[in-house]
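So the structure is just underneath, and the comments pick up after that.
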Amino acid sequence: MIALLTGLLRALDNQTVIIDVGGVGYEALVTSRTAATLGPIGTPVTLHIITHVREDAISLFGFATRED
């Protein structure tokens, strides 16, 4: 299970982000509150992740803090 991602912010579109972690881009859904805490494209970021596994998809939900 993925619980934390630290890397470079590569994209922020609506409420989806892509975090580059060692050359692998992870896509995560974020709230508008979390999106507002992220810096500009190319800056280092850390997201706390909830991994949601379904029969047809694996989704990552990112949050600025563990409490969120």
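Nothing fancy with the numbering, it's 1 onward along the sequence. No experiment lies behind these values; they were computed from the predicted model shown. As a basis for the values below, the full set of heavy atoms in this structure was taken, side chains included, without hydrogen atoms, waters or symmetry mates.
- The OG1 atom of Thr31 sits 7.0 Å away from the CD atom of Gln15 when rounded to the nearest 0.5 Å.
- Connection of Ile58 to Val17 is not established within any shared hydrophobic cluster, with ILVMFWY side chains joined at heavy-atom distances below 4.5 Å, either directly or through further cluster members.
- Heavy atoms only, all atoms of each residue included: Gly62 and Ala28 are closest at N-CB, 4.2 Å.
- Phe61 and Leu5 are not part of a single hydrophobic cluster, where members link through side-chain heavy atoms under 4.5 Å apart.
- Closest heavy-atom contact between Arg66 and His48: N-CD2, 3.5 Å.
- Closest of all the heavy-atom pairs between Leu9 and Gly39 is CD2-O, 3.3 Å.
- Checking side-chain atoms of Thr51 against main-chain N and O of Ile2 turns up a donor-acceptor pair under 3.5 Å.
- Taking 4.5 Å as the limit, some side-chain heavy atom of Leu47 sits within range of a side-chain heavy atom of Leu38.
- Rounding to the nearest 0.5 Å gives a distance of 7.5 Å between CD1 of Ile49 and CG of Leu4.
- Cluster annotation: Tyr26 is connected to Ile41 through the hydrophobic network of ILVMFWY side chains, with a link wherever side-chain heavy atoms come within less than 4.5 Å.
- Ile50 CD1: 12 or fewer foreign heavy atoms inside a 6.0 Å radius.
- Distance OG1/Thr46 to CZ/Phe63: 15.5 Å, rounded to 0.5 Å.
- Summarising the geometry of Thr6 relative to Ile19, their closest heavy-atom pair is C-CG2, 4.4 Å, with the distance given to 0.1 Å.
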Could you go through the side-chain hydrogen bond (donor to acceptor under 3.5 Å, both in side chains) check for Thr16 and Asp13 one step at a time?
CA-CA 5 Å; Thr16 302; Asp13 183 28; over 6 Å; no

